[in-house]
Amino acid sequence: MSQKIRANSVLPARRERLTLETADDLKLVAELALPAEGEPVATIICLHPLPTHGGMMDSHVYRKAAFRLPALAGVAVLRFNTRGTWSEQGTSEGAFDNAVGERYDVAAAIEYAEFHDLPNIWLVGWSFGTDLTLMYGLDPAIQGAILLSPPLRFSEPEHLEPWAASGKPVHAFVPEHDDYLQPAEARERFGAIPQAEVVGFDGSKHLWVGDAEKVLDEIVRRVAPGVDVPLPREWDGPMELADTSAYNAHNLAAYRDVPVPGPAQT
C-alpha cells in the first residue's frame, strides 16, 4: 500500500556514518547514503548554509535529499558538517573560519568521493555553501555545480572566472523572494559564466521552506537526466520515520532574526 512521503519519511538506502579527515588534521562528521541495491547513477556532495545561523548537514533540503534520493533517483548523497558545525550526528572538529579554512573541508569531501569511486560527482551548495562551491569546488573530479540561494557574499568575481573557463555546468536556483540575491541580479552577476543557468523559483524564499520537493526535482533533472521527474510523492515499500525534534529545536533557535554585520548574515 502506497504511503505519502512526508518531511520525516526515510526511504531505504545503505547509510554509513563517516569521518572525513582534512589536510589540516581535523575530523569532520559525515554521512553517505547510497541506493539500497545497485550502483548510484550520480553523486551529490552537499555544502550546507552558514553554521553561525543554523546551517548544517541536516538543513532540511539536504536531510530530505539523503532520506529520498537514493531510493527515488538512484543518487548517492554525501553530507558533512564543516569545521565547528553541530548536527544530530555530532560536531565536527575545529571552528568556523569565515570561508578560509573551510577550503580543506571541501577538499576532504571531494577526495573521499573520488577515492571511493563514487560516480558523476556534483557539488550542491546552499547559501554559504554556494560560496564554498565557487571558491574551492572546481576540481577535476567534479562534473558541475548546483547553487541554492547563492548570496555571492564570500565569493568574488575572480572565483567565477575559472568556472567560466572550465566550461563545467553551473546551475543557480534563485528564489523570487531571496533575502540576498534575487533572480534579475543573479542573471546579471552570473553572466560572468557563459554556461551558467539561472533558474528563478516563483514564490520561494532563501530557506526553501515548503519547496524542498521542487528543489530536489530540479537537482535530479540536472545530475541524473535519465530519471523521470517530478519524483514520486508516494512510496510503495518499507519506510521509516525520523525523529527530527532535536533538529527542529536547534533550527528554530538558530534562525531568529538577529542582525549580524557583514558576510556572516547569510
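Heavy atoms only, all atoms of each residue included: A30 and L20 are closest at CB-CG, 3.8 Å. Residues W122 and I146 come closest through the heavy atom pair CE3-CG1, 4.1 Å. Counting all heavy atoms, side chain and backbone alike, L160 lies closest to A192 at CD1-CB, 4.1 Å. The shortest heavy-atom contact between P183 and V198 is O-CG1, 4.3 Å. When all heavy atoms of V41 and A224 are compared, the pair lying nearest together is CG2-CB, 3.8 Å. Smallest separation of non-hydrogen atoms from M239 and S9: SD-OG, 3.4 Å.
Of the possible donor and acceptor atoms, one in the side chain of N81 sits under 3.5 Å from a partner among the backbone N and O of M57. Remark: the backbone N or O of A99 is paired with a side-chain donor or acceptor of E102 at under 3.5 angstrom.
Just one residue in the list W208, F201, F190 forms a ring-ring contact (aromatic ring centres under 6.0 Å, His included) with F173, and that residue is F201. Of the residues listed (R233, R68, R6), the one engaging E213 in a salt bridge (charged side-chain N to carboxylate O under 4.0 Å, His left out) is R68, and it is the only one.
No hydrogens or angles considered: a donor-acceptor pair under 3.5 Å links the side chains of H48 and T82. Between the side chains of T22 and D105, not a single donor N or O lies within less than 3.5 Å of an accepting N or O. Using modelled atom types and a 3.5 Å distance limit, the side chains of D131 and S155 yield a donor-acceptor pair.
A distance of 11.0 Å separates CG of D179 from CG of L181, quoted to the nearest 0.5 Å.
A salt bridge does not link K214 to E218: none of the charged nitrogens lies less than 4.0 Å from a carboxylate oxygen. One finds no salt bridge joining K205 and D211 here, because no Lys/Arg side-chain nitrogen approaches an Asp/Glu carboxylate oxygen to under 4.0 Å.
The local environment of CD in E37 is sparse, with at most 12 non-hydrogen atoms from other residues, nucleotides or ligands closer than 6.0 Å. Around CD of E240, the count of heavy atoms belonging to other residues, nucleotides or ligands within 6.0 Å does not exceed 12.
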### Evaluation steps, side-chain hydrogen bond (donor to acceptor under 3.5 Å, both in side chains), between D178 and H206
CA-CA 5 Å; D178 195 277; H206 189 76; 2.7 Å; yes

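You'll find the ring centres of F128 and F96 inside the 6.0 Å limit.
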